[in-house]
Amino acid sequence: MVDKRKHREYYAFPAVLEQDMDDRGVINVTFPDLENCFANGESVEEALTEGKEALENVLYWMERDGNSIPAPSDIRSLKCVGDQFASLIVADMGAARRSWENRSVSRTITLPSWMDEMARQRNINFSQELQNAIKKRLQTDQNPRTAHC
């Protein structure tokens, strides 16, 4: 679980954008301060949107894994070459954390065939029934990670 008290709500990291003429003109986004954080898009707008999502995902997992997040470089210190240009991308970590923590996950369950048949005849929503049963067993109906938001 991410302890939100020791993490910032927003981060702003500089990104370098560059059009890749070898790849149908796709615009690549890299973050000089973060290894393995990159994105691309068909347009500048799409590249920036995808870059924001990539930045939020990488920062979320860094927080989750207990890794320290480096201080972002000053965008003015970036040295762009050729057609490259720099942009500042802001990560909304509150929204990113909520998104990750409230996402749905798929689970496989096993039921006796007679139970499956009767439930289907009665149009029972298996996912909803399982969620209700687990909430009852846990004695809660709220995500403890977001209950105080």
Side-chain angles (χ1 to χ4, degrees), residues 1-111 116 120 123-149:
M1 177 185 339
V2 175
D3 182 355
K4 292 180 221 167
R5 291 170 297 185
K6 63 181 181 179
H7 296 295
R8 296 170 51 182
E9 287 301 306
Y10 297 94
Y11 290 93
F13 275 87
V16 175
L17 287 81
E18 181 174 25
Q19 193 165 25
D20 186 348
M21 297 315 289
D22 294 333
D23 189 14
R24 305 175 336 272
V26 165
I27 298 170
N28 293 318
V29 182
T30 57
F31 293 86
D33 299 314
L34 300 165
E35 290 183 28
N36 301 317
C37 188
F38 44 84
N40 63 46
E42 299 290 328
S43 65
V44 172
E45 181 180 342
E46 184 179 325
L48 289 170
T49 300
E50 295 296 323
K52 179 181 186 301
E53 183 176 341
L55 178 61
E56 290 171 345
N57 289 339
V58 166
L59 294 177
Y60 173 81
W61 284 104
M62 289 177 77
E63 288 179 352
R64 181 102 185 212
D65 292 344
N67 298 324
S68 61
I69 295 174
S73 298
D74 185 328
I75 193 168
R76 296 168 293 188
S77 70
L78 293 184
K79 304 292 183 223
C80 295
V81 295
D83 292 336
Q84 292 179 335
F85 62 96
S87 180
L88 202 58
I89 297 182
V90 177
D92 180 347
M93 296 308 296
R97 290 181 198 108
R98 284 188 301 277
S99 176
W100 272 102
E101 292 166 359
N102 290 314
R103 75 192 186 292
S104 294
V105 294
S106 180
R107 295 284 183 246
T108 301
I109 62 167
T110 304
L111 301 171
D116 179 59
R120 287 179 188 275
N123 294 320
I124 292 176
N125 180 319
F126 289 93
S127 293
Q128 191 61 57
E129 291 297 321
L130 181 58
Q131 288 178 48
N132 290 340
I134 292 172
K135 285 177 186 177
K136 184 176 179 181
R137 180 75 179 262
L138 296 173
Q139 298 178 337
T140 186
D141 63 350
Q142 295 181 342
N143 178 342
R145 294 178 183 162
T146 58
H148 61 283
C149 294

Verdict with supporting geometry, L88 and F13, side chain to side chain contact (heavy atoms under 4.5 Å, CB included)
CA-CA 6 Å; L88 202 58; F13 275 87; 5.8 Å; no
Do side-chain atoms of [X] reach the backbone of [Y] as a donor and acceptor pair under 3.5 angstrom?
X    : Y    : value
E56  : D92  : yes
S99  : A95  : no
N125 : S127 : yes
R98  : G94  : yes
D33  : S73  : yes
Q19  : G25  : yes

Just so I know, are the side chains of [X] and [Y] near enough to count as touching, which here means a heavy-atom distance under 4.5 Å?
X    : Y    : result
E18  : I27  : no
N28  : F38  : no
L111 : I109 : yes
R97  : E9   : yes
L34  : L59  : yes
C37  : M62  : no

If you measure from the Lys or Arg side-chain nitrogens to the Asp or Glu carboxylate oxygens, is any gap between E42 and R24 under 4.0 Å?
yes
State whether R64 and E101 are salt-bridged, where the test is any N-O pair (Lys NZ or Arg NE/NH1/NH2 against Asp/Glu carboxylate O) under 4.0 Å.
no
Report the distance from atom [atom1] of [X] to atom [atom2] of [Y], rounding to the nearest 0.5 Å.
X    : Y    : atom1 : atom2 : result
N36  : F31  : CG    : CZ    : 12.5 Å
S43  : L48  : OG    : CG    : 8.5 Å
I89  : E53  : CD1   : CD    : 11.5 Å
T110 : D116 : OG1   : CG    : 11.0 Å
I75  : S87  : CD1   : OG    : 6.0 Å
K79  : Q84  : NZ    : CD    : 13.0 Å

Write down the atom of [X], the atom of [Y], and the distance for their closest heavy-atom approach.
X   : Y   : result
A47 : L17 : CB-CD2, 4.2 Å
A86 : C80 : N-SG, 3.8 Å
P32 : A15 : CD-CA, 4.4 Å

Residue pair M93, Y11: steps toward the side chain to side chain contact (heavy atoms under 4.5 Å, CB included) verdict
CA-CA 8 Å; M93 296 308 296; Y11 290 93; 3.5 Å; yes
Evaluate side-chain hydrogen bond (donor to acceptor under 3.5 Å, both in side chains) for Q128 paired with N132, printing each intermediate quantity in order.
CA-CA 6 Å; Q128 191 61 57; N132 290 340; 3.2 Å; yes
Over 12 non-hydrogen atoms of neighbours within 6.0 angstrom of CG in D74
yes
For W100 and Y60, take the angle between the two ring planes, folded into 0 to 90°, and tell me which bin it lands in: parallel under 30, tilted 30 to 60, perpendicular over 60.
parallel
